[in-house]
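These notes concern the structure reproduced below.
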Amino acid sequence: MTTARPAGAADPRRRVPRTDAVLADPDLVAAAARLGRDRVKQAVTAAQQRARTGVVAPEDVAADALAALPAAATSIRPVLNATGVVVHTNLGRAPLSDAAREALQVAAGTCDVELDLATGRRGRRGTGAVDALRAAVPAATGAWIANNGAAALALVCAALAGTGKEIVISRGQLVEIGDGFRIPELIESTGARLRPVGTTNRTHLRDYAEAIGEDTAFLLHVHPSNFVVRGFVRDVGIAELSGLGPPVVADIGSGLLTPHPLLPDEPDAQSALVAGADLVTASGDKLLGGPQAGLLLGGGERGGGLVETVRRFPLARAMRVDKLTLAALEASVAGPPTPVATALDADPAALRARARDLAATLARDGIDAVAVDTVGGVGGGGAPEVELPSAAVSLPEHHAEALRAGDPPVLGRVADGRCLLDLRALPPSADAELARAVRGV
Ligand SMILES: *Cc1c(COP(=O)(O)O)cnc(C)c1O
């Protein structure tokens, strides 16, 4: 004879813990501090529902809710860049240095970004970053910081030529930078008129000279960052342009402040100003290795004055950067070498040694991993021809997808039926995490 049990005692629906009890779980309390109580509560409600339908055991409700919650309050996730491309546009361009991350922390709270603590009066915004830039680029007589390189250039065009004046530019420099971003379209959107001179492959000094007239606002020299034209080619340099009279504006793109030995064809701000550019515009998050920002640097007396003109132009207010950018940029310019600089300067022999060590560790775990020599690149739409000798751990191809979906996600590249995890853009401190990610596949 079977004894009847009290009705519902075995019914998991009756044993689902109450919301308050689940929310008291220490891990969920911590999650609520990170993500907000509402979000955690939603996850708990969903987990309770799964317990009622028998999908989750009643005692696992807290763990189930926790598993459904993200690790951070942002949906942006960190990714290990094993592509071999130092400045990867889809991975947020330049990774910030520890110094820049600390600076972000400092600026994140209330801070003296626009207050002179000595006098108690309103201070000039962003002086630290501007001073750091001027110290790093000795030829700069003035500096201002915009949201990004495109903003810096657009602002210069609007402030100096937006009333319908002409900007003289070589046809060889009417370029598309990436994702449909075209320099000529940006310029014309400011109300300035373009006066293209020369041809796609050859432009002479006399082409510029003949185009200069009453309506000329300035001569614009744009670095065609992401392609190279070879053969029957003639380009007029900044030094020659600076002798023609009107101001010369150089959009150098990548934000290299001074020459880099590995990147001889990449223009830098100091050289452009010394050559005679009145204004230089550039990005802060390509080769400069800082946060997204646009640099505006002036050279000589005229350039310094032009920076002031641009800075005081009403539209500048709509393109200024926040305190976080100012803090991270200052730390990137004045602080220790950025991760971009470190990756560019990495010794190929050291990269090979790391690849060998990693492959050996993984092979001991029975993983088909071997070290191979590779070729990495600069990326970020810059230095398209520069090949950076590098090294990678080569794995079976199917690892690529699994690693991308892993935790943390790892982005490698697939070549010749193998998944390559290139170490050029990864700091040595990431090797252990990389090995863990591979083992987790
Ligand atoms: C990248 C680039 C820009 C745009 O800079 P952002 O910081 O991406 O806005 C403009 N001009 C050149 C030559 C570039 O290479």
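Numbering starts at 1 and runs along the sequence shown. As the structure is a prediction and not an experimental result, all values here were calculated from the model. All ligand and atom numbering here is 1-based and tracks the order in the structure.
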message = Strictly under 4.0 angstrom, heavy-atom based: which residues surround ligand 1?
response = R93, N148, G149, A150, I177, F181, I183, H223, S225, D251, G253, S283, K286
ask   = Is the shortest distance from a Lys or Arg side-chain nitrogen in D215 or K165 to a carboxylate oxygen in the other one below 4.0 Å?
value = no
inquiry  = Regarding R418 and E397, does a basic nitrogen lie under 4.0 Å from an acidic carboxylate oxygen?
reply    = no
message = Side chains of T200 and R171: any donor to acceptor distance under 3.5 Å?
response = no
ask   = Is a salt bridge present between R234 and E240, judged by a nitrogen-to-oxygen distance below 4.0 Å?
value = yes
inquiry  = Distance alone, cut at 3.5 Å: any donor-acceptor contact between the side chains of N226 and E176?
reply    = no
message = Is it true that, when you exclude D416 itself, more than 12 heavy atoms of the residues, nucleotides or ligands shown sit nearer than 6.0 Å to its CG?
response = no
